[in-house]
**Q** 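Mind having a look at this structure? Questions to follow.
This structure is a prediction, so every number in the text was calculated from the model and none was measured.
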Amino acid sequence: MEVELNFVDAVPDVAAFRDLLMDYYATVGPGVRALGGPEMVPEEMAGATIDHLEELLPPDNRLLLGRGPEGRLLACASLRRIRPDAVEM
């Protein structure tokens, strides 16, 4: 499967991005909890990300979106500047 990756200045489909985040948190949440981490309620985690979406975007940060052949949103990654010469992913 081919995935097209693009850095974006805005999220073109916030609903699809929220769905992707909810799938992610639903998948990793139980593993985090099993290791003693906090409970990750998918709706709450995705909602918090959407509420602070501007913190993922330029000018200081970057958001990478991956889309499949039919344009479906399949992946995302963010790069957040933590100092002038370093970012976290």
**Q** Considering residues at least two apart in sequence or located in another chain, which fulfil the side chain to side chain contact (heavy atoms under 4.5 Å, CB included) criterion with A86?
**A** I82, R83

**Q** Apply side-chain contact (heavy atoms from CB on, under 4.5 Å) to L5 and L64, showing your working.
**A** CA-CA 7 Å; L5 300 172; L64 182 69; 4.0 Å; yes

**Q** Flag yes if F7 and M89 sit in one hydrophobic cluster, no otherwise; membership is Ile, Leu, Val, Met, Phe, Trp, Tyr, and two members link when side-chain heavy atoms are under 4.5 Å apart.
**A** yes

**Q** Please determine whether residues V14 and L56 belong to a single hydrophobic cluster, defined as Ile, Leu, Val, Met, Phe, Trp and Tyr linked transitively by side-chain heavy-atom distances below 4.5 Å.
**A** yes

**Q** Is it true that Y24 and L53 fall in one hydrophobic cluster, defined by side-chain heavy atoms closer than 4.5 Å?
**A** yes

**Q** Report yes or no: do M22 and F17 belong to one cluster of Ile/Leu/Val/Met/Phe/Trp/Tyr joined by side chain heavy-atom distances under 4.5 Å?
**A** no

**Q** Test of understanding: with side chain to side chain contact (heavy atoms under 4.5 Å, CB included), list the residues that count as partners of M1, not counting sequence neighbours.
**A** V3, P69, L74

**Q** If hydrophobic clusters are built by linking Ile, Leu, Val, Met, Phe, Trp and Tyr wherever their side-chain heavy atoms come under 4.5 Å apart, do Y25 and L73 end up in the same one?
**A** yes

**Q** Quick one: side chain to side chain contact (heavy atoms under 4.5 Å, CB included) partners of N61, sequence neighbours excluded?
**A** R80, R81

**Q** Kindly give the heavy-atom pair with the smallest separation between L20 and A75, and that separation in Å.
**A** CD2-C, 3.7 Å

**Q** State, to 0.1 Å, how close L63 and S78 come at their nearest heavy-atom pair, and which atoms those are.
**A** CD1-CB, 4.2 Å

**Q** Hey, can you pull the donor-acceptor pairs under 3.5 Å for the side chains in residues 27-51, sequence neighbours left out?
**A**
from, atom 1, to, atom 2, distance (Å)
T27, OG1, D23, O, 2.8
R33, NH1, G37, O, 3.1
T49, OG1, M45, O, 3.1

**Q** Report the residues that fulfil side chain to side chain contact (heavy atoms under 4.5 Å, CB included) with P58, sequence neighbours left out, ordered by chain and then residue number.
**A** D9, R62

**Q** Would you find a donor on one side and an acceptor on the other, under 3.5 Å apart, between the side chain of D13 and the backbone of A15?
**A** yes

